[in-house]
Amino acid sequence: MKIIKEFKEFAMRGNVVDMAVGVIIGGAFGKIVSSFLNDVMMPPLGILTGGVDFSEHKLTLKAAENGAKAVTVNYGNFITTIVDFTIMALAVFLLVKGMNTLKRSDPVPEPNEKQCPECLMNVPIHAKRCGHCSQPISV
């Protein structure tokens, strides 16, 4: 029973739940990016390259014979995956950049006092003389 209690504590920690949500959202986001790539981006790229579908590009190492499948290097799928990754990385970068822009940092307040060089007491920033020791202060 102790192990069940420990597992429950582990599974219900905030960071584990947050990570699980991130993985689920990431998987869904990956499907959206893949669909965008395959259904929107690749057809125009195929037209620009003479109607070629990248996913069907392959290098046959051994032809199919006697019911066995052909041995191929599917470099077209690899190219598609690289483009997919690049688009996803760009989307994540833009998302993080947008979130950082929206995150407002508190502006640093401008000082309204300065220190007298003679007695080291604080005086108003625009004061010409120290109110404590009457020493002239440069503005």
Side-chain angles (χ1 to χ4, degrees):
M1 286 309 210
K2 182 179 178 184
I3 197 161
I4 293 173
K5 181 181 176 186
E6 289 176 7
F7 177 73
K8 182 179 175 185
E9 288 173 6
F10 168 77
M12 297 312 288
R13 272 193 219 152
N15 54 358
V16 173
V17 174
D18 290 344
M19 185 178 70
V21 170
V23 168
I24 292 168
I25 296 291
F29 185 71
K31 289 181 181 180
I32 290 170
V33 171
S34 293
S35 174
F36 176 73
L37 176 69
N38 294 328
D39 301 330
V40 177
M41 291 287 292
M42 287 314 225
L45 284 175
I47 290 172
L48 290 174
T49 59
V52 177
D53 182 9
F54 285 110
S55 63
E56 295 181 14
H57 281 247
K58 57 182 105 180
L59 174 67
T60 303
L61 299 176
K62 183 177 178 184
E65 46 183 59
N66 299 331
K69 290 185 179 181
V71 178
T72 59
V73 175
N74 301 321
Y75 67 90
N77 286 338
F78 182 69
I79 292 171
T80 302
T81 303
I82 289 173
V83 173
D84 190 10
F85 170 78
T86 304
I87 291 171
M88 188 174 299
L90 177 65
V92 169
F93 169 75
L94 293 175
L95 179 70
V96 170
K97 186 170 175 62
M99 288 177 64
N100 288 339
T101 302
L102 292 177
K103 188 190 297 185
R104 296 184 181 171
S105 61
D106 294 332
V108 177
E110 291 199 25
N112 57 3
E113 291 184 330
K114 60 184 173 184
Q115 206 171 40
C116 172
E118 189 67 31
C119 68
L120 303 178
M121 296 294 289
N122 287 340
V123 294
I125 194 87
H126 298 295
K128 295 180 181 173
R129 285 192 175 271
C130 176
H132 305 284
C133 69
S134 300
Q135 186 69 22
I137 300 173
S138 61
V139 179

**OP:** Taking ring pair (Phe, Tyr, Trp, His ring centres under 6.0 Å) as the test, write out the residues that go with Phe85, two or more places apart.
**Re:**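 Partners of Phe85 under the ring pair (Phe, Tyr, Trp, His ring centres under 6.0 Å) test: none.
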Pairing residues for [X] by the side chain to side chain contact (heavy atoms under 4.5 Å, CB included) criterion, not counting sequence neighbours:
X: Ile25; result: Val21
X: Val96; result: Val92, Asn100
X: Leu59; result: Leu61, Val73, Tyr75
X: Thr72; result: Lys58, Thr60, Ala70, Asn74

**OP:** Please answer whether the main-chain N or O of Asn77 pairs with a side-chain N or O of Thr81 as donor and acceptor at a distance below 3.5 Å.
**Re:**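 Yes: the side chain of Thr81 pairs with the backbone of Asn77.
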Subject >> Distance in Å, Gln135 CD paired with Met121 CE, rounded so as to fall on 0.5 Å steps >> reply: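 Going from CD on Gln135 over to CE on Met121, the span is 14.5 Å.
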**OP:** First locate atom NE2 of His132, then atom CG of Asn122, and finally report the distance between them rounded to the nearest 0.5 Å.
**Re:**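 Answer rounded to 0.5 Å: 7.5 Å.
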Which atom of [X] lies closest to which atom of [Y], heavy atoms considered:
X: Cys119; Y: Cys116; value: N-SG, 3.5 Å
X: Val123; Y: Gly131; value: CG1-N, 4.1 Å
X: Cys133; Y: Glu118; value: SG-CB, 4.1 Å
X: Cys130; Y: Ile137; value: N-CD1, 3.6 Å

**OP:** Take Glu113 and Ile125 through the side chain to side chain contact (heavy atoms under 4.5 Å, CB included) test and state the conclusion after the steps.
**Re:** CA-CA 4 Å; Glu113 291 184 330; Ile125 194 87; 5.9 Å; no
**OP:** Please go through Met1's hydrophobic cluster and name the other residues, only I, L, V, M, F, W, Y counting, with side-chain heavy atoms under 4.5 Å joining them.
**Re:**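 Noted: Met1 shares its cluster with Ile3, Ile4.
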Original post:
Are Val40 and Ile79 grouped together when hydrophobic residues (ILVMFWY) are joined by side-chain heavy atoms under 4.5 angstrom apart?
Top reply: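 Yes, it is one cluster - the side chains of Val40 and Ile79 are joined through contacts under 4.5 Å.
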